[in-house]
Amino acid sequence: MHAAEAHVLGVRVDCIDMESALKRIEALANAGGHHLVATVNPEFVMRARSDREFARVLGSADLCLPDGSGVVWAARRQGCSMSGPVTGVDLIPPLAAMCARRGWRMFLLGAQPGVAADLAQQLRTGNPGLAVEAYAGSADPAADDETVAAVTRHKPHVLLVAFGAPRQEMWIDRAGRRVNVPVSIGVGGSFDYLTGRVTRAPRWMRSAGLEWLFRLVRQPWRLRRMAVLPVFAWRVLRES
Ligand code: UDP
């Protein structure tokens, strides 16, 4: 019997692969209301240990996707049998296709000015008929009224928020009910990858669980953030 979910150092992770993640998101969008989908990576888990608000918001998520090999490794130790990570960057193209098929509107919020707009154009080209709008906005609470107004104007069914963690999850927690979108997903740097502004690690490195190394070499400023990775691994080993 395979586990349906794992608790990685206290953070829930759903044991799910891409196909079932898309089905779950489809069901959440169908249900209406307001749902948070989180893409959980080791940095999230470590942050949640010291940031109670972030831990609370992650605890309220309706779906916690295993984003990254570190979280998949930890979840497999608890009986999860997912085939690999479900990342925001891999999720967005099939999600856009699903929205086009279902006639659902998408909204891309966040990243540097122009990035979300470029991705929206790319998704429209790849999915004729898809209604998708974009707005760079800001994670600053002082900009919430303006950002909420920009999102609600489009009445999206699916909202992707790329402010980086934990800002994007905190934004969804704060403003999600005001925008009245059935599914809101924090997607980190996905817009930068999908528009080619940041190069993704080659497939062999991703399969070997070495994406973190590629990111570190390309973006050395990540070193401070990534310093939590060995601590994460050590705590996961110690937990069992
Ligand atoms: N970002 C943003 N507003 C901010 C800070 C970051 O829109 O105040 C964007 C940034 O441009 C990038 C995304 O958030 O596209 C993800 O940032 P990060 O690299 O921190 O996320 P990760 O991929 O590590 O989750």
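Values below: all heavy atoms of this structure, side chains included; hydrogens, waters and symmetry mates excluded. Order of listing sets the numbers, starting from 1, for every ligand and every atom in it.
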**Prompt:** Just wondering, are more than 12 heavy atoms of other shown residues or ligands nearer than 6.0 Å to CZ in R177?
**Reply:**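 Count not over threshold, so no.
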**Request:** May I ask you to check whether R102 and N30 show a side-chain donor-acceptor distance below 3.5 Å?
**Result:**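 Their side chains do contain a donor-acceptor pair, which is all the 3.5 Å distance test asks for.
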**Message:** Please tell me whether D144 and T147 have a donor and an acceptor in their side chains that are separated by less than 3.5 angstrom.
**Reply:**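 Not at all, the side chains of D144 and T147 share no donor-acceptor pair under 3.5 Å.
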**Message:** Classify the ring geometry of F44 against F54: parallel below 30°, tilted from 30° to 60°, perpendicular beyond 60°.
**Reply:**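 Aromatic pair F44/F54 classed tilted.
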**Message:** For ligand 1 and A165, I'd like to know whether there is a polar contact (N/O to N/O, distance under 3.5 Å).
**Reply:**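 No: no nitrogen or oxygen of A165 is under 3.5 Å from one in ligand 1.
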Closest protein heavy atom to [atom], given as residue, atom name and distance to 0.1 Å:
| atom | result |
| --- | --- |
| atom 12 (C) of ligand 1 | D192 OD2, 3.2 Å |
| atom 20 (O) of ligand 1 | R225 NH1, 3.0 Å |
| atom 23 (O) of ligand 1 | G189 N, 2.9 Å |
| atom 9 (C) of ligand 1 | A162 O, 3.2 Å |
| atom 17 (O) of ligand 1 | G164 CA, 3.9 Å |
| atom 25 (O) of ligand 1 | G188 CA, 3.5 Å |
| atom 3 (N) of ligand 1 | F163 CD2, 3.8 Å |
| atom 8 (O) of ligand 1 | R167 NE, 3.7 Å |

**Message:** Within the structure provided, determine whether W104 and M98 are in side-chain contact (heavy-atom separation under 4.5 Å).
**Reply:**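 Yes, their side chains come closer than 4.5 Å.
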**Message:** Strictly distance-based, threshold 3.5 Å: is any side-chain N or O of E169 a donor or acceptor partner for the main-chain N or O of A38?
**Reply:**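 Side chain of E169 to backbone of A38: no pair is present.
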**Item:** Region of R222 that comes within reach of ligand 1 [heavy atoms, distance under 4.0 Å]
**Value:**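 Answer for R222: side chain.
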**Asked** With sequence neighbours left out, what residues match Q168 under side chain to side chain donor-acceptor pair (under 3.5 Å)?
**Response**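 In terms of side chain to side chain donor-acceptor pair (under 3.5 Å), with neighbours along the sequence ignored, Q168 is linked to no residue.
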**Request:** Apply side-chain contact (heavy atoms from CB on, under 4.5 Å) to A31 and list each qualifying residue two or more places apart in sequence or on a separate chain.
**Result:**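 With neighbours one apart ignored, the set is H35.
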**Item:** Enumerated ligand 1 atoms positioned under 4.0 Å from heavy atoms of Q112
**Value:**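 Selected atoms, number and element: 11 (O).
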**Item:** R215 to ligand 1, any heavy atom closer than 4.0 Å
**Value:**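 Yes, that is the case, since the closest heavy atom of the residue is under 4.0 Å from the ligand.
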